[in-house]
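Below: the structure, in structure tokens.
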Amino acid sequence: MSSSAWWRDAAIYQVYPRSFRDSNGDGEGDLQGVIAGLPYLADLGIDAIWLSPFYKSPNKDGGYDVADPRDVDPRFGTLADAKELIEAAHSHGIKFIADIVPNHFSSDHIWFQEALNSPKGSVARSRFHFYDGRGENGEIPPNNWISIFRGPAWTRTPDGQWYLHLFDSSQPDLNWNNPDVAADFEKTLRFWLDLGVDGFRIDVAHGAVKENLLVDHRDPERLIDALRLDFLDISEEERAGLLSDVPFFDREGVHEVYRKWRSILNEYPGDRMTVAEAFVYPSSRAARYVREGELHQVFNFNFMMLGWDAATMRASIERTLAELVDVKAPATWVLNNHDTPRVVTRIGGARKARALAMLIHALPGGIYIYQGEELGLPSADLPDNARQDPAFIRSGGTDKGRDECRVPIPWDSKLPNYGYGTGTPWLPQPTDWAQYSMDVEAADPDSSWSLYKKSLTLRHSHPALGGEGVPTWIEAPAGIMHFTREPGLEVVVNTTDNQITVAVSGSSILLESAAGSSLQGGQLAIAANTTTWLQR
Ligand code: GLC
């Protein structure tokens, strides 16, 4: 790996294939739909796509319940379609990142079926976490853990044993102490690497290894609150306390797994990469996943959780960069994904979301864009009877779940279902989404899509954008973030609702997230909730 490997400052676009584009009219997106969308993604200026799972799956958790990690679910197409997609992406100059799910399989996986049909204590059962229950007749689960989707983390089988599932009961957790598990994942990594994928996003990367499996947790309900990426009604202090020592997350043993995975990737040519979904706390724990000889990137969820506040964002940026410099890994910046509210909704409107995007696009390291973010889509309102997320179902509706950010995206304002496909979309699209359709936004120089395109283009052409290192911070009035990057870039972010005048050294405005600022005689009067890039 050279120090200028492509992924270190790439713009990576997350495709949630079920909601991207439906080529066969069944109301669900598919791999041919992704192929059809590639020219649009190339035009936008992204460097890579990461696809959420498209493997064989009963689809109880949007494909994160994998029944065969080395085959494609017929809903999405065939293995031949996957090969065609990887090649088509490459022919557009776009890298391809697959998703890998080491924490659990689907209960439809052949191993779990075998385990159910095998006796207590069998090898087949030891690939998962099967235990007897407590109580006189074993009727009480082995411990009090609850599922991240709510409800017990254990389900009882007909012969009386219980199995662990941190997510839905259809997602039994794998036991990484059984060598079959490691061997099977190595086979899966090689299978997709041989097909030409450029990397992997690792689902729940911090979860594979558990400790103290039979010990109760002191406050399992509150722990799950603290683990939710969209649950903000919890103080930093409480979150820190709860997340400092979780028996099923961030155990030392996971690092050994990833050191092995890294050595496998290193056997392949072409800077193959990994990115960890490891929501661990504090952020210094996340940096441990990208130490030398381990993974390449880790999503920066600690930054994603912050509100639109200059002082806390700056502190988080400085801390992230310092922690990652120590381990020689580049930073990542992410505003939302298929598990969180969309950034427009979370941060309080499209104007702030655009300014926030231009802030992270100017920072050193890589950026992630979740499909539809470039269109400025808000989370969609959905009637409860349309919701399908197991988090909604298992919580009895107290948790609304993640469907609102998974609604099929709009391509063409003039076509049925906004051009997503001819069949009825699996989640209903809002009636006012024509305004966000790609055709409308591409024709409007002031649209969110046009802003993303300009900013991604500048990230390729401007010598100070992308790359690594640390920005030079300039002291600024409250509510303003001000920094420079060499050569020649100055960035000013106004997080307040008022216009503020800032002394700058830049001589012209390169790009702004909204109109309304003016630059004269070294003074930038920057409009409310705006980010401005200046050329020095
Ligand atoms: C990850 C995925 C999420 C899924 C969960 C269980 O957090 O991003 O969508 O539900 O893992 O696999």
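In listed order, ligands and their atoms are each counted from 1. Because only heavy atoms are used, hydrogens play no part in the values below, and waters and symmetry mates are left out as well, while side chains stay in.
The contact set between ligand 1 and E277, taken as ligand atoms under 4.0 Å from a residue heavy atom, comprises 1 (C), 7 (O), 8 (O). Within the listing of ligand 1, atoms 1 (C), 11 (O) sit less than 4.0 angstrom from a heavy atom of V204. Set against the non-hydrogen atoms of H104, the atoms of ligand 1 under 4.0 Å away are 6 (C), 12 (O). When each atom of ligand 1 is checked for a heavy atom of H338 under 4.0 Å away, the hits are 2 (C), 3 (C), 8 (O), 9 (O). Close contacts of ligand 1 with F167, meaning ligand atoms under 4.0 Å from a residue heavy atom, involve 5 (C), 6 (C). Per-residue contacts place F149 under 4.0 angstrom from the following atoms of ligand 1 (heavy atoms of the residue considered): 10 (O). Taking a cut-off of under 4.0 Å to the non-hydrogen atoms of R402, the atoms of ligand 1 that pass are 3 (C), 4 (C), 9 (O), 10 (O).
Between H165 and ligand 1 there is no heavy-atom distance shorter than 4.0 Å. In this structure, R406 is part of the shell of residues with a heavy atom less than 4.0 angstrom from ligand 1.
When atom types are taken as modelled, the side chain of Q113 and the backbone of S107 share a donor-acceptor pair closer than 3.5 angstrom. At distances below 3.5 Å, not a single donor-acceptor pair connects side-chain atoms of D399 with backbone N or O atoms of F392. In terms of modelled atom types and a separation under 3.5 Å, the side chain of R354 and the main chain of G376 share no donor-acceptor contact.
Regarding atom 4 (C) of ligand 1, its nearest protein heavy-atom neighbour is D61 OD2, 3.3 Å. For atom 9 (O) of ligand 1, the closest heavy atom belonging to the protein is D339 OD1, 2.7 Å.
Using a 4.5 Å cut-off on side-chain heavy atoms (C-beta onward), S379 and R342 make contact.
Applying the 6.0 Å contact sphere to CG of N117 captures more than 12 heavy atoms from other residues, nucleotides or ligands.
Residues D339 and R228 are not paired through a salt bridge, judged by the lack of any N-O separation under 4.0 Å between the basic side chain and the carboxylate.
Classification of the Y40-W411 ring pair by plane angle, with boundaries at 30° and 60°, yields perpendicular.
Around atom 12 (O) of ligand 1, the closest heavy atom drawn from D203, D65, T340 belongs to D203.
With rounding to the nearest 0.5 angstrom, the CG atom of N59 is 4.0 Å from the CZ atom of R75.
When non-hydrogen atoms are compared, ligand 1 lies under 4.0 Å from neither the backbone nor the side chain of F299.
Of the candidates T274, T332, D271, H296 forms a side-chain hydrogen bond (donor to acceptor under 3.5 Å, both in side chains) with just one, namely T274.
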